[in-house]
Amino acid sequence: MSANSTTKRILTGIKPTGIPHLGNYVGAIRPAIQSIQNSDDDAFFFLADYHSIIGCHDPEMIHNSTKAIAATWIACGLDPERVTFYRQSDVHEIPELSWILSSSCAKGLMNRAHAYKAAVDANMEKQDVDADQGINMGLFGYPVLMAADILMFNATHVPVGRDQIQHIEMARDIAGTFNHRYKPLFTEPEAVVDDNTPLLTGLDGRKMSKSYSNVIPLFGEFNSQADPEKMMRKAIMKIVTNSQLPEEPKDPDASAIFEIYKAFATSEEISELRAQFAAGIGWGDAKEKLFQQINNEIAPFRARYQELMANPKELEEILQMGADKARRHSRKQLDKTRRAIGIRPLAKLK
């Protein structure tokens, strides 16, 4: 694909830094799989393991999470024959491209990155702390590596949450700078934001996030012998609610239970539960309804997930097949890039 191609190419990734949870499924995995059904668009889905080491320095967590998230994608219906599904670290051209792009990227652009600014602002609120205390170069240069992920494959459309739009804009800026300075090799990608994709609230009322430890696991904890269905139900029963009595009318729009339910229910089912909230429903009964609704969708995936987790060789073969497919593109793109910047053979050798 050239920088001027009109072919649509979708690219998305997930950082393996924890257990696969409901937020991953609703926010990324399910819509990504649905987006390519009945579509001829190119699709690249990857495990962003180099991104994960920026903030997670636990090797076992990275390893176990990579395995679990790969298994989750496949168990939930991703067809590795239909898409290019790979582990970022298996495509060695990506970090090299990241370095090349960083060498023409303005430092001022990185200074404006939201994650970096937030970390600096947090330090500035403390006394006698350097503005860059605890900030590594991975966090500072994160947008360049993300740009390399995208530009390596000339992705045209990148599904992201609103908090990631800036990174796509930076990728466009980085592509434009390179194309102007050297040669038009990179497509400027578009951010795809689906306002209908919900951002789920976690067990404690904050955004569902691995960093808050407030997630509802899809298939249980790593290396746990506990029944994953029971673990999901137990987590749902921990959702924080107020002290209203069962018979009291409740506001569904102020309830995390109702919010999560909407992500798994039809319009008729949503209307029915809304009416039950208005009439009065016990929190325990509402949580039980939520569990049953989620479980109806997730249960069919569990056997395949457990099968893959018990057979890492199959997972590795799937990822290596994806890496081979990805590198058919990345080797060519990196060769063009290297030649454009002047890194090329001095002469042909016999």
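The figures that follow rest on heavy atoms only: side chains count, while hydrogens, waters and symmetry mates do not.
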Can you tell whether the side chains of R339 and D335 come within less than 4.0 Å, N to carboxylate O? yes
If we ignore hydrogens and angles and just use 3.5 Å, is the side chain of W283 paired with the main-chain N or O of N242 as donor and acceptor? yes
Just by distance, no angles: are the side chains of H157 and D41 close enough, under 3.5 Å, to form a donor-acceptor pair? no
What do you reckon, are the aromatic ring centroids of F85 and F45 less than 6.0 Å apart? no
Hydrophobic cluster membership, I165 vs V192, 4.5 Å side-chain cutoff: no
Answer yes if L319 and M152 sit in the same cluster of Ile, Leu, Val, Met, Phe, Trp and Tyr residues linked by side chain heavy atoms under 4.5 Å apart, and no otherwise. no
Sidechain-backbone polar pair: S102 side chain, W99 backbone, donor-acceptor under 3.5 Å: yes
Would I150 end up clustered with V83 when hydrophobic side chains under 4.5 Å apart are linked, directly or stepwise? no
So how far is it from Q244 CD to F277 CZ, rounded to the nearest 0.5 Å? 9.5 Å
Kindly determine whether E190 and R172 satisfy salt bridge (Lys or Arg N to Asp or Glu O under 4.0 Å), including the steps that lead there. CA-CA 8 Å; E190 296 180 21; R172 291 176 61 85; 5.7 Å; no
Going by an N to O cut-off under 4.0 Å, is there a salt bridge joining E221 and K234? no
Candidate list R9, R82, K325, test salt bridge (charged side-chain N to carboxylate O under 4.0 Å, His left out), partner D42, passing option: R9
Would you check, one step at a time, whether the test salt bridge (Lys or Arg N to Asp or Glu O under 4.0 Å) holds for D90 with R327? CA-CA 9 Å; D90 286 332; R327 296 193 72 204; over 6 Å; no
With rounding to the nearest 0.5 Å, note down the distance linking CG in D58 to NE2 in H63. 11.5 Å
Counting distance only, does the side-chain N/O of N311 pair as donor-acceptor with the main-chain N or O of E307 below 3.5 Å? no
So does D40 have more than 12 non-hydrogen atoms from other groups sitting under 6.0 Å from CG? no
Quick one: CD1 on I318 to CG on L78, what's the gap to the nearest 0.5 Å? 9.0 Å
Is K250 reaching over with its side chain to a backbone N or O of I281, donor-acceptor style, under 3.5 angstrom? yes
Within the distance-only criterion (no hydrogens, no angle test), does the side chain of Q88 pair as donor or acceptor with the backbone N or O of Y50 below 3.5 angstrom? yes
What is the distance from atom CE of M170 to atom CE of M146, rounded to the nearest 0.5 Å? 10.5 Å
Verify whether one side chain among Y142 and N136 offers a donor that lies under 3.5 Å from an acceptor in the other. no
D251 and F258: CA distance, side-chain angles, deciding distance, side chain to side chain contact (heavy atoms under 4.5 Å, CB included) verdict: CA-CA 9 Å; D251 180 4; F258 188 76; over 6 Å; no
Mark yes when over 12 heavy atoms from residues, nucleotides or ligands other than H57 sit less than 6.0 Å from its NE2; otherwise mark no. yes
Taking N123 for its side chain and V129 for its backbone only, find out whether a donor-acceptor pair lies under 3.5 Å. no
Verify same cluster id: M231, I257 (apolar side-chain graph, 4.5 Å): no
Using a 3.5 Å distance criterion without hydrogens, assess whether the side chain of E269 forms a donor-acceptor pair with backbone atoms of Y261. no
Report yes if some heavy atom in the side chain of W73 is under 4.5 Å from a heavy atom in the side chain of L47; otherwise report no. yes
Using only heavy-atom distances, determine whether the side chains of S89 and D49 contain a donor-acceptor pair under 3.5 Å. yes
Any salt bridge between R87 and E316, counting N to O under 4.0 Å? yes
I298 and F222: same hydrophobic cluster, using ILVMFWY side-chain contacts below 4.5 Å? yes
Student check: side-chain heavy atoms of L101 and T337 closer than 4.5 Å: no
Counting N and O atoms only, with roles assigned by atom type, does the side chain of S98 sit under 3.5 Å from a partner on the main chain of I94, one being a donor and the other an acceptor? no
Is Q293 reaching over with its side chain to a backbone N or O of K262, donor-acceptor style, under 3.5 angstrom? no
What do you reckon, are the aromatic ring centroids of F178 and Y182 less than 6.0 Å apart? yes
Are Y86 and F153 an aromatic pair by the rule of ring centers under 6.0 Å? yes
Can you tell me how far the CG atom of N24 sits from the CD1 atom of I14, to the nearest 0.5 Å? 5.0 Å
Let's go through F301 and T72 carefully: what are the C-alpha distance in whole Å and the side-chain angles of both, what is the deciding distance for side chain to side chain contact (heavy atoms under 4.5 Å, CB included) to 0.1 Å, and is it a yes or a no? CA-CA 8 Å; F301 305 144; T72 297; over 6 Å; no
Taken to the nearest 0.5 Å, the spacing of T84 OG1 from F46 CZ works out to 12.5 Å
For A75 and L308 the tightest heavy-atom approach is N-CD1, 4.2 Å
Please determine which of K207, E259, R206, M208 meets the side chain to side chain contact (heavy atoms under 4.5 Å, CB included) test together with T201. E259
List the steps and the verdict of side chain to side chain contact (heavy atoms under 4.5 Å, CB included) for L218 and L22. CA-CA 6 Å; L218 271 181; L22 222 58; 3.8 Å; yes
Is there a donor-acceptor contact under 3.5 Å from the side chain of D204 to the main chain of V240? no
Taking it one step at a time, do E93 and K336 satisfy salt bridge (Lys or Arg N to Asp or Glu O under 4.0 Å)? CA-CA 12 Å; E93 292 81 7; K336 292 176 185 177; over 6 Å; no
Please examine the side chains of H329 and F44, heavy atoms only from C-beta on, and report whether any two atoms are closer than 4.5 Å. yes
Are E81 and M321 close enough, and set up right, to give a side chain to side chain contact (heavy atoms under 4.5 Å, CB included), and what steps lead you there? CA-CA 9 Å; E81 298 284 351; M321 179 182 74; 3.9 Å; yes
Would you indicate whether M124, at its atom CE, is surrounded by more than 12 heavy atoms from other residues, nucleotides or ligands within a distance under 6.0 Å? no
